[in-house]
Amino acid sequence: MFKPVKSKVDLVKLENNILEFWKNNKIFQKSLKNREGSKKFIFYEGPPTANAKPGVHHVLARSFKDIFSRYQTMKGYYVPRKGGWDTHGLPVELEIEKKLGVNSKKEIEEIGIKRFSELCKQSVFEYVEDWVKLTDRIGFWLDMSDAYYTFTNNYIETVWWILKQIYDKDLLYEGYKVVTYCPRCGTPLSSHEVAQGYKEVEDPSVYVKFKLKYEDSNFLVWTTTPWTLLSNVALAVNSDEDYVEISKNNEKLILAKTLLNEVIKEPYEIIKKLKGKVLIGKRYEPLFNYTNIKNNCYFVVDANFVSLKEGTGIVHIAPAFGVDDMNLAREKDLPIIQLVDESGEIKSQAVDFAGLFVKEADPKIIKNLKQRKILFKEEKILHSYPHCWRCDTPLLYYARKSWFIATSKIKDKLLKSNSEINWYPDHIKYGRFGNWLENNIDWSLSRERYWGTPLPIWEDNSGHKICIGSFKELKDLAKDFPDKFDPHRPYIDEIKLICPQCKEEMSRVKEVIDCWFDSGSMPYAQLHYPFENYEKFYNNFPADFICEALDQTRGWFYTMMAISTILFEKSSYKNVVCLGLINDKHGRRMSKSRGNTVDPWSVLNKQGADALRWYLFTSSSPWVNKNFDVDIINEIIKKFILTLWNSYSFFVVYANIDKFNPEKYSIKFEERSVLDKWILSELNQTIATVDKSLNNYAATRGGKEIEQFVDKLSNWYIRRSRRRFWKSEEDKDKISAYLTLYECLVTIAKLLAPYMPFISEEIYQNLVFSISKDSLMSVHLADFPVSEEKLIDKDLMEEMNIVRKVVSMGRAARNKASIKVRQPLPYIKVFKTEQTEKLINYEVVIKDELNVKSFELTPDLKQILNYKVKPNLELLGPKYGSKISLIKNILERMNHQEIANIVLANEKVKIKLEEQEEELLPEEILIEIVAPSEHITEKEGEIALTLNTVLSKELLDEGFIRELVRLIQNQRKKAGFRIENTIKTIIECSEDKEVVIKEHKDYLCTETLTTELIFSDKLSGYIEEFNIDKKKVRVGISVSGSIT
RNA sequence: GGGCUUAUAGCUCAGUGGGUUAGAGCGCAUCCCUGAUAAGGAUGAGGUCCCUGGUUCGACCCCAGGUAAGCCCA
């Protein structure tokens, strides 16, 4: 006996029970153990930062990580799944700053780096529990008990080792460069961090006049960052371009010719045209005089980066605040003026603006220029500008000393690594990611912060540097090495080394490193390679599969690949699935400030993890952004999960009534019915498609395939097979139906296991494990189903499609005639064609579905339909004018059948109009299909059929009985009787109906499981009154026994 | 400004190596079926397949240009 299954199901409760089962029986561990020693399928967990609660988008990533891992496990691979947590870096520091209510590095240092680091370390555990709970609840099997944490000594030691490799390859260097710098956090950011924070903002757009030194004229210069004007040292033009000098309001201005009309809207007069190169070397008066620098500045230089697409074609150069500017300054030996301090405030030298944050200084500077009448015009511009990805402060391009990895030097290797990766979707490979690599710039590695992996470089006063690659190396060189070693700041800073070259004391540089370097090091650091697990590492590298959201293209996907390329000249992953974003139901990005975030628990506690997972897997391609709406989850439950559940529950209900045990029987495929062969053919086809899809990371495709199969199983196979389960004798056909349905359900459970691990487990448990004690105890320990190609019968499936098509057309015909299906009709005739001739094998199905007495194929189309032709008045009217009524009459009298055939062959129809031969075009004649009298006809494409609608007394009586049976069935249900209960039925009705009922007594009794049928006006039991064909019938039913 | 992606029914999405009438689900309306079903079936309303041009006998599909949205970069 199977565990009884109700048609109603509490999915959340079910899932919690399964979680319990997995936990108690260590199924995850068993599923790993099961495959130990098999071929490996390597998965890497991209470590989340657990310093906030996980959201729906995390469920997305974790579900996709899970599905392919489960699938590969079922395919026989050993798939270790080590968890990991990203614990360092600005995101963590920022949370602590918020908690402490501080807002600058100065304040942090007042509190003390020691305390600050401690707090950071504590906070990384704060939400790990939330993450573990969620991970667990959604059924993502991940080994979190053995997770790697990026702050641990072992992890850091590996990272140091990697840095040392890079240092030894001469790819790690310190440079004075313009970096993107967050003035609030007081640190440069790497380009992949900058990439996270572009925002549309309004900035000033000002045109400033720079007066020439020895001429009465002005250079017109455009900028969107007035604060950089304080540090101006030169102007740049493009020497090949055309410039003009114009006169306007008695003032002379120089600017690019092509931009003239863009910039100057008022009347002006062109004084002369001049090439850019004539301007080079011309000197101008500095705008401000806050420095003493006088040499080699305040003149026009040539620069090929000067664009004539916007501005004035004359660019102001402030080497401290632009990459191009800095390069130009190097090239031309221009001085660098730096009037902004590390917190983004104007230095005291610039007395008029001292202490102002640069963006606040903007309006004051504009006002100053205005007063001095050197501001030409002032506008606003809307453009995207980078902001700090965590604290939202506008970033500054700012010249600083900082550490870089020379990734641009290994660009070709990066491109080669990329060429070996399979991207899903594949356009990322040479699109977004490939382009990014093509334009690779050096990795800005250092962060002037506190909580992170310290940069392991020590230097002395003589400029000697040393990069430490292991703790042992550090200990050997250290003056003093503590017993309890913590590589974090501030402790690490206290360790001084003796310079091996000059024996001077060495101190560590103050920087920590980009936390993305930490996570990119996980393939090695999670195993403490090369200090431990040397062999294990090589068996775990590279990953077969990783999966994160699209925003990691330039984050983790990049850092993982960059590091592995430097170390091993190949990518650390072979296949990567990029996931899209999850928006709210209106397509807006979810954000806390908007208040439109969805707490995954609200779905998990109400609709369950399987439904949510199914939505994420099947709603659309994973990389397409999704608009998340909980109503869609409800639809999935109604449409798919419950359909499956009810198919399953149907099986269990009847199998239990019949005490059917699938282990006791076997019936050869050849001996099963057509319907069985058909569904098994569909099943094997589905297995093949799902297997192929999951193997190609196409979960969506596979899911849709399963959905379609379940629909066929429920709405055709089971519907058509119901009676086979109901009949009382235990013949081969019944067993065959049981075996077939059983096989389908068990196979679906296995196909679904990677998608919906809970419900598939529930079904498997009951259908397989509960009856067969030598079976595996979990569906997740099972092998993935293998498609039996020889059972796939394309012809059979096509035939069944036509059967369903004919049935559907037959229903449409009944509908047109408004004759309900319960009312039997004499016959259906189908036009015999190559397509339909096989229908004769499905006579029973068609007759039953359409409730007709006989089925016939006829090659004589006239028996099914006649054509009627009419003139197309819209076209013929204008052509023939008043003669149209004649044409109408002529057509009427001609042979409609023949004309229709001519028109259908798309040929012209000849008619005689007033002794004249006229030709009518095919489109000028309309064809109607007319059914033979007392018939209803349907035609679709090549398929044509007709239903006879003549109702004899016998047929009407049968209709009456079927109506009565249905009503009694409903009555049984309402009365709460069990399906297997037999009943006593008492009927009170008119005499003529009594005769009819007696005639069909056997049918009625069998259908309703009536063991005793009595005609009487003394009703008892559960009583109902019906009105059938305007005749009153009263029925009382009571339980008399049970068939089991 | 550049790159990538997307644009198909009110909503969520399929689709085609270029070929009669472009599909599904949800929602809506009418009708039907039902002792597994919270299901199912039929019919109907609802489409400029984003726009413009090109290639072609034929374009939702291919090409070019544009528009809008999203992501990424300068």
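By convention in this document, chain letters (A, B, ...) are assigned in the order of the sequence lines, proteins followed by strands, and residues within each chain are numbered from 1. This one's a predicted model, so the numbers in the text were calculated from it and none came from an experiment.
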Look at the rings of A:W443 and A:Y558 and say which category their plane angle falls in: under 30° parallel, 30 to 60° tilted, over 60° perpendicular. tilted
Over 60° means perpendicular and under 30° means parallel, so classify the ring planes of A:F650 and A:F725, tilted if in between. perpendicular
To the nearest angstrom, how far is [X] atom [atom1] from [N] atom [atom2]?
X      : N     : atom1 : atom2 : result
A:E707 : B:A39 : CD    : P     : 16 Å
A:L437 : B:C4  : CG    : C1'   : 14 Å
A:F640 : B:U37 : CZ    : P     : 19 Å
A:W716 : B:U37 : CH2   : P     : 20 Å
A:F2   : B:A36 : CZ    : P     : 19 Å
A:L616 : B:U12 : CG    : P     : 17 Å

Nearest of [options] to any side-chain atom of [X]?
X      : options             : result
A:L642 : B:G40, B:A38, B:C13 : B:A38
A:R962 : B:G3, B:A36, B:U34  : B:U34
A:H427 : B:A14, B:C4, B:A36  : B:C4
A:N627 : B:C4, B:U12, B:A14  : B:U12
A:R432 : B:U34, B:A36, B:G3  : B:G3

Are the ring centres of [X] and [Y] closer than 6.0 Å?
X      : Y      : result
A:F321 : A:Y397 : no
A:Y742 : A:F651 : yes
A:F628 : A:Y615 : yes

Students often get this wrong, so: under 4.0 angstrom with heavy atoms, is [X] touching a base, only sugar-phosphate, or nothing?
X      : value
A:F977 : base
A:S647 : base
A:L581 : sugar-phosphate
A:S714 : base

How does RNA chain B read in dot-bracket, base by base from 5' to 3', with Watson-Crick or G-U pairs under 3.5 Å and | used when the partner is on another strand? (((((((..((((.....[...)))).(((((.......))))).....(((((..]....)))))))))))).
Measuring only the [atom1] atom in each nucleotide, how far is [N] from [M]? A whole number of Å is fine.
N     : M     : atom1 : result
B:C61 : B:A42 : P     : 31 Å
B:U56 : B:C62 : C1'   : 10 Å
B:U48 : B:C33 : P     : 37 Å
B:G65 : B:C57 : C1'   : 26 Å
B:A29 : B:A14 : P     : 28 Å
B:A24 : B:G41 : C1'   : 16 Å
B:C63 : B:G27 : C1'   : 39 Å
B:G1  : B:U55 : C1'   : 31 Å

Residue-phosphate contact under 4.0 Å: [X] side-chain N/O, [N] OP1/OP2:
X      : N     : answer
A:R722 : B:A36 : yes
A:N646 : B:A38 : no
A:Y654 : B:A36 : yes

Ignoring hydrogens and geometry beyond distance, is a side-chain donor-acceptor pair present between A:S205 and A:W222 at under 3.5 Å? yes
Answer yes when [X] and [Y] have at least one side-chain N-carboxylate O distance shorter than 4.0 Å, and no when they do not.
X      : Y      : value
A:R701 : A:E705 : yes
A:E762 : A:K3   : yes
A:K734 : A:D658 : yes

Taking for each residue the nucleotide of RNA chain B with the nearest heavy atom, is it A:R978 or A:I632 whose nucleotide lies nearer the 5' end? A:I632
Taking the nucleotide of RNA chain B with the closest heavy atom to each, which residue, A:R804 or A:R966, is nearer the 5' end? A:R966
May I have the list of side-chain donor-acceptor pairs in residues 424-433 of chain A shorter than 3.5 Å, sequence neighbours left out?
unit_1, atom_1, unit_2, atom_2, d
A:K429, NZ, A:S419, O, 2.9
A:K429, NZ, A:I421, O, 3.0

Protein-to-nucleotide contact annotation, 5' to 3' order, nucleotides 22-28 of chain B [B base; S sugar-phosphate only; - none; under 4.0 Å, heavy atom]: ---SS--
Counting only heavy atoms not in A:R719, do more than 12 sit closer than 6.0 Å to its CZ atom? yes
